[in-house]
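All figures in this text were calculated on a predicted structure; none of them were measured in a lab.
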Amino acid sequence: MTVVALLSVAPVREGSMAGEVAKAVAALDGFDVRYETNPMGTVIEADSADELFAAAHAAHETVDGDRVSTVLKVDDKRTKTTTAAEKVDAVERELGHAARSDRE
């Protein structure tokens, strides 16, 4: 089984949150997960829901602040192993091109 999730962790405050977000992402390195960060969050893959939730919890706890906002969207496909890359590939096959624009 592969569990895929979108994780977003950030302190609730004004100004740059990059340093705290970087700490949350770095916390994932202590777990058996694969991840990729994008502008809206971090996609995480794990072989078990337990490992994924433990990694997300560590990322949440790592962020400093009086208030921390965490969003976790989980896809726990229990009958088939499907990676995040395979999910994107399937959409791109339907589109007939890369799932992104060439605009800057």
Taking only residues two or more places apart in sequence, or in another chain, which ones meet Thr42 in a side-chain hydrogen bond (donor to acceptor under 3.5 Å, both in side chains)?
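In terms of side-chain hydrogen bond (donor to acceptor under 3.5 Å, both in side chains), with neighbours along the sequence ignored, Thr42 is linked to Thr37.
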Self-check item: Residue list, side-chain hydrogen bond (donor to acceptor under 3.5 Å, both in side chains) with Asp75, at least two apart or on another chain
Solution: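 For Asp75 the side-chain hydrogen bond (donor to acceptor under 3.5 Å, both in side chains) partners, ignoring immediate neighbours, are Lys87.
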With a 4.5 Å cut-off on side-chain heavy atoms, are [Y] and [X] touching?
| X | Y | result |
| --- | --- | --- |
| Phe53 | Leu72 | yes |
| Val68 | His60 | yes |
| Thr2 | Thr82 | no |

Take Asp76 and Val3 through the side-chain contact (heavy atoms from CB on, under 4.5 Å) test and state the conclusion after the steps.
-> CA-CA 5 Å; Asp76 183 4; Val3 184; 3.6 Å; yes
Where is the tightest heavy-atom contact between [X] and [Y], given as atom of each residue plus distance?
| X | Y | answer |
| --- | --- | --- |
| Thr81 | Glu86 | O-OE1, 3.9 Å |
| Ala24 | Ala59 | O-CB, 3.5 Å |
| Leu52 | Val74 | CD2-CG2, 4.2 Å |
| Glu20 | Thr62 | OE1-O, 4.2 Å |
| Ala46 | Glu51 | CB-CB, 4.3 Å |
| Arg34 | Asp47 | NH2-OD1, 3.6 Å |

inquiry  = As a quick check of understanding, evaluate side-chain contact (heavy atoms from CB on, under 4.5 Å) for Asp29 and Tyr35, giving each step before the final call.
reply    = CA-CA 9 Å; Asp29 289 332; Tyr35 65 87; 2.7 Å; yes
Verify, without hydrogens or angle tests, whether [X] (side chain) and [Y] (backbone) share a donor-acceptor contact under 3.5 angstrom.
| X | Y | result |
| --- | --- | --- |
| Glu45 | Ala84 | yes |
| Glu61 | Ala58 | no |
| Glu36 | Val43 | no |

- Query: Is Asp66 atom CG crowded by more than 12 heavy atoms from other residues, nucleotides or ligands, each under 6.0 Å away?
  - Reply: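 Atom CG in Asp66 is not crowded, with 12 or fewer foreign heavy atoms closer than 6.0 Å.
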Report task. Please lay out, stage by stage, how Ile44 and Val4 fare under the test side-chain contact (heavy atoms from CB on, under 4.5 Å). Result -> CA-CA 6 Å; Ile44 306 171; Val4 179; over 6 Å; no
Show me the donor-acceptor pairs within less than 3.5 Å that the side chains of residues 6-19 make with the rest of the protein, sequence neighbours left out.
residue	atom	partner	partner atom	Å
Arg13	NH2	Ser16	O	3.0
Ser16	OG	Ala18	N	3.2

